[in-house]
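Worksheet for the structure shown next.
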Amino acid sequence: MSKPSIPQGMRDFSPEEVRKRQYILGTLRTIFENYGFQPLETPTMENLVTLTGKYGEEGDRLIFKVLNNGLHEKKDADKEKLSAEWAKLLAKPYSSPVVTERALRYDLTIPFARYVVMHQNELTFPFRRYQMQPVWRADRPQKGRYREFWQCDADVVGSTSLINEAELLCIYQSAFYQLGLPQVAIKINSRKLLAGLAEICNAPELMMEITIALDKLDKIGWIGVVAELQQRGVADTGIAQIEKVINVKGDNLEKLTALKDIMKSSATGLEGIKELEQTLAYYDKLKLAEWTATIEVDISLARGLNYYTGVIVEVACRAVQMGSIGGGGRYDDLTGLFGLKGLSGVGVSFGIDRIYDVIKELNLFPPQLVAGTQVIIINFGGENELYALEVLKQLRAAGIAAEVYPDAVKFDKQMKYANKRNTVYVILPGTEEREQQKVSLKNYVTGEQKLMSINDCIDTIKGH
RNA sequence: GAGGUUGUAGCUCAGUUGGUUAGAGCAUCAGAUUGUGGUUCUGAGGGUCGAGGGUUCGAGACCCUUCAUCCUCCCCA
């Protein structure tokens, strides 16, 4: 037998880790429900054609494809075809329905779009849904990057109002506030502004090239961006325009005012600015004073997915060295990919695993999360064992998470077990206690122990 | 797709210029202690040194191949 292992980029989650993740998911769920979003789940696998072509060339490569089952049952006539398809498949990120027609979910947005199109007649628009499920990517794992990870999305489809954008900003704010994340920056931009930028560079066709280069500003600096822009075919006059734009300073309104002037020749660009202004105006009305994350207009923000068309956002936690912990934006025609035109959507995504890593690194999980069982009952065997079960029944009926040590082994061993389980209380129902129909309740934190009735015991534990 | 790191006990890791029977801490189990835990003491079990090949009288160590792992770039959450 070789040592057991798990596939690359996949992880086990210990009881403590699951509890901590559930704390994050629970916090988010409460917020989503509070904002009127409804839960949705979609299957682990989608048809491959549903996913391909939606995430760009790079994305297609990272989709986990699922082999068709029953390949061994193919008739001889099919086998030759099959091996030819295999050869192609192994050579390139190519796929064929003969070999694979399904794939693991790559994100939650495309399956959501598919769902909306399939159920368009049953849904009431605008439709607001949230979804929290794992997704899979055949990426090279590294820090903060896994092949299986959780996503948590909230989207609204069927409304072009920028109130939606503003509300999603509020959801971000509320979530990071409640989770206690410090130094969170929500960066906001508009694809239209980027398109406008390409226009004033006299190179509208190079919009994607410009945004990709610009997106690296944080990482490689302006000099690096210039090199990349030149390499991507942007003229020097264009680069001068871009430099003017990224040098715009001040608070959000000052930035937007300055940009209006630079963008005055681009209708698209001006529209993008107006969107941002309107979004921020709505947000101002909705925001709570206690929220701490900053909202920053950032022209260099691009975001990879190519279906975004309007406002885009990305969230970073500057307290730790980590990639973005969330992102999202407006996609005017997402469902158009599946044949339903004219339905606009906007959504945000939370990178649960990264948020987990950040909270862990900064030690911000509430300490009481670790406790599961509140009380462990010692098993003294014989008649005392039966009495222990009686006590156990009453504790559980009272809503207390309790367990009895299932074997009447050495007392010392049972006490050590309780200690490791980190419970607050231990109950000792021995002969003496049983005869009086009482229990000894020991508080493991203080070391105190008292003889009391079962009802008093329940009250004490609940009062804790 | 490109580059690098590390693989030795369940876990974290030592292991000298190649030299007899491969070590430690933690964890596990047993005992000191048959109704009082978290700190003590004693003892025990547990390893095909990632795998395959080569050099050598002799390889955990050196060489080649391969697999796995983690990290960086690309891209992304």
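Order of the sequence lines sets the chain letters (A, B, ...), proteins ahead of strands, with each chain counted from 1.
With B:G1, B:G35, B:G37 as the choices, the nucleotide that has an atom nearest any side-chain atom of A:R140 turns out to be B:G1. Closest to the side chain of A:I212, from the set B:G37, B:C76, B:C75, is B:C75. Checking B:A77, B:C29, B:G37 against every side-chain atom of A:D412, the shortest atom distance belongs to B:G37.
When Watson-Crick and G-U wobble pairs are counted only if both distances are under 3.5 Å, B:G58 pairs with no nucleotide at all. B:G25 and B:C11 make up a base pair, with Watson-Crick or G-U wobble contacts both under 3.5 Å. Nucleotide B:G46 forms no Watson-Crick or G-U wobble pair with any nucleotide shown, as no partner meets the under 3.5 Å limit on both distances. Using the Watson-Crick or G-U wobble rule with both distances under 3.5 Å, B:U65 pairs with B:A51.
Evaluation of atom-type donor-acceptor distances gives a pair under 3.5 Å for the side chain of A:K442 against the base of B:U36. On a pure distance criterion of 3.5 Å, a polar donor-acceptor pair joins the side chain of A:Q449 and the base of B:U36. One N or O donor and one acceptor, one from the side chain of A:E433 and one from the base of B:G35, sit under 3.5 Å apart. A donor and an acceptor atom sit less than 3.5 Å apart, one in the side chain of A:R145 and one in the base of B:C75.
A:G327 comes within 4.0 angstrom of nothing in the nucleic acid, heavy atoms only. Residue-level contact check: A:Y146 touches the bases, meaning some heavy atom is under 4.0 Å from a base atom.
Computed from coordinates, the A:L28 CG to B:A77 P distance equals 17 Å when rounded to whole Å. A straight line from CG of A:D12 to P of B:C11 spans 13 Å, rounded to a whole angstrom. In this structure, A:E148 places its CD atom 17 Å from P of B:A77, rounding to the nearest Å. Atoms NZ (A:K413) and P (B:C29) sit 5 Å apart, rounded to a whole Å. Remark: C1' of B:A77 and NZ of A:K187 are 14 Å apart, rounded to the nearest angstrom. In this entry the distance linking CG of A:D60 with P of B:G1 reads 15 Å, nearest Å. To the nearest angstrom, P of B:U5 lies 20 Å from NZ of A:K143. Atom CZ of A:R61 is separated from atom P of B:A2 by 10 Å (rounded to the nearest Å).
Here A:K216 reaches the OP1 or OP2 of B:C75: one of its side-chain N or O atoms lies under 4.0 Å away. One finds no side-chain N or O of A:K410 lying less than 4.0 angstrom from the OP1 or OP2 phosphate oxygen of B:U36. Between A:Q142 and B:C70 there is no side-chain polar atom (N or O) within less than 4.0 angstrom of OP1 or OP2.
Across B:G25 and B:U8, the matching C1' atoms stand 15 Å from one another, rounded to whole Å. Separation of the P atoms belonging to B:U5 and B:U72 is 15 Å when rounded to the nearest angstrom. One P atom belongs to B:G31, the other to B:G23, and the distance between them is 28 Å to the nearest Å. Between B:U17 and B:C13, the two P atoms lie 22 Å apart (nearest whole Å). Rounded to whole Å, the separation between the P atoms of B:A22 and B:A59 comes to 14 Å. Going from the P atom of B:U42 to that of B:U33 covers 16 Å, rounded to whole Å. Nucleotides B:G43 and B:C62 place their P atoms 36 Å apart, quoted to the nearest Å. Taking the C1' atom of each, B:U48 and B:U40 are spaced 38 Å apart, rounded to whole Å.
A donor atom on one side chain and an acceptor atom on the other are not found under 3.5 Å apart for A:E165 and A:Y283. Checked by atom type, the side-chain pair A:D107/A:Y55 shows a donor-acceptor distance below 3.5 Å. Looking at A:E33 and A:Y130, their side chains do bring a donor and an acceptor atom within 3.5 Å of each other.
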Show me the protein contacts with nucleotides 67-69 of chain B, counting only N or O atoms at under 3.5 Å.
from  : atom 1 : to   : atom 2 : distance (Å)
B:U69 : OP1    : A:Q8 : N      : 3.1

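Positionally, the nearest nucleotide of RNA chain B for A:T431 lies more toward the 5' end than for the other of A:L62 and A:T431. Sequence order on RNA chain B of the closest nucleotides to A:M10 and A:G59 puts A:M10 first from the 5' end.
A:Q178 places no side-chain N or O within 3.5 Å of a backbone atom of A:T27 that could act as its donor or acceptor partner.
A cation-pi contact, defined as under 6.0 Å to the ring centre and within 45° of the axis, links A:R11 to A:Y146. Under the 6.0 Å distance and 45° angle rule, A:R330 does not count as a cation-pi partner of A:Y308. Taking the ring centre of A:F112 as origin, the terminal cationic atom of A:R129 falls inside the region bounded by 6.0 Å and 45° from the ring axis.
Using a 4.5 Å cut-off on side-chain heavy atoms (C-beta onward), A:L276 and A:L193 make contact.
Residue pairs meeting the salt bridge (Lys or Arg N to Asp or Glu O under 4.0 Å) criterion with at least one member in residues 378-390 of chain A, sequence neighbours excluded: A:E383-A:R434, A:E390-A:K393.
Taking the six-membered ring for Trp and the full ring otherwise, the centers of A:Y106 and A:F64 sit at least 6.0 Å from each other.
B:G38 has no stacking from A:Y444 on its base ring, since the centres under 5.5 angstrom apart and planes within 30 degrees of parallel are not both found.
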